[in-house]
Amino acid sequence: MTKATARHILVDSEAKCEELKKAIEGGEDFAEVAKQHSSCPSGRNGGDLGSFGPGQMVPEFDKVVFSGDVNKVLGPVKTQFGYHLLEVTSRS
């Protein structure tokens with residue numbers, strides 16, 4: 001079965017998501033941005049979600065994690081929790 005490791009940043013607006021994405025693409029560290037801005041408890045760990053398979057996350061999240069580019073900031077992705085920036089760190 002396919003497995004992925006990923007990290008994410010959860011915020012409450014698409015505009016904030018876009019702002020943070022630009023900062024990361026401009027050279028800021030993803031994990032540091034997650035620690036400072038993510039409203040998800042995983043933010044304390046740099047947004048690290050560990051390893052998971054299809055169906056273990058909400059569908060909108062799964063779709064991006066299992067089809068998007070690895071080691072690239074993806075998003076904003078809207079879920080019932082808010083807006084996410086995702087970075088797939090590995091997929092096998």
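Excluded from the calculations below are hydrogen atoms, water molecules and symmetry mates; all remaining heavy atoms, backbone and side chain alike, are included.
With salt bridges taken as basic N to acidic carboxylate O contacts below 4.0 Å, none links K63 and E60.
Judged purely by atom type and a 3.5 angstrom limit, D12 has no side-chain atom pairing as donor or acceptor with the backbone of G82. When atom types are taken as modelled, the side chain of E32 and the backbone of D29 share no donor-acceptor pair closer than 3.5 angstrom. Between the side chain of D48 and the main chain of G50, a donor-acceptor pair closer than 3.5 Å is present. Side chain of K72 to backbone of E87: no donor-acceptor contact under 3.5 angstrom is found.
Counting only heavy atoms from C-beta outward, the side chains of L20 and V11 approach each other to under 4.5 Å. Between L85 and I24, the closest side-chain pair of non-hydrogen atoms falls below 4.5 Å. Contact check for R7 versus S42: no side-chain heavy atoms found under the 4.5 Å cut-off. Residues Q80 and V58 meet the side-chain proximity criterion, which asks for heavy atoms closer than 4.5 Å.
If you chain together hydrophobic residues whose side chains sit under 4.5 Å apart, M57 and L86 fall into the same group. Residues V73 and V64 do not share a hydrophobic cluster, clusters being chains of Ile/Leu/Val/Met/Phe/Trp/Tyr side chains in contact below 4.5 Å. V33 is not connected to L10 by any chain of hydrophobic side-chain contacts under 4.5 Å among Ile, Leu, Val, Met, Phe, Trp and Tyr, and they are in different clusters.
Of all heavy-atom pairs spanning F66 and A4, the tightest one is CE2-CB, 3.7 Å. Across all their heavy atoms, P76 and C17 have their closest contact at CB-SG, 3.6 Å.
Residues passing the salt bridge (Lys or Arg N to Asp or Glu O under 4.0 Å) test with E19 are K16, sequence neighbours excluded. F61 pairs by the ring pair (Phe, Tyr, Trp, His ring centres under 6.0 Å) definition with H8, H84, not counting sequence neighbours.
Atoms OG1 and CG, on T2 and D62 in that order, are 10.5 Å from each other to the nearest 0.5 Å. The CG atom of L74 sits 7.0 Å away from the NZ atom of K21 when rounded to the nearest 0.5 Å. A distance of 5.0 Å separates CD in E14 from OH in Y83, rounded to the nearest 0.5 Å. In this structure, S92 OG and K3 NZ are separated by 9.0 Å, a value rounded to the nearest 0.5 Å.
In the model, T89 has a side-chain atom that pairs as donor or acceptor with a side-chain atom of T5 under 3.5 Å.
Judged as a ring pair (Phe, Tyr, Trp, His ring centres under 6.0 Å), not a single pair has a partner in residues 9-53 (not counting sequence neighbours).
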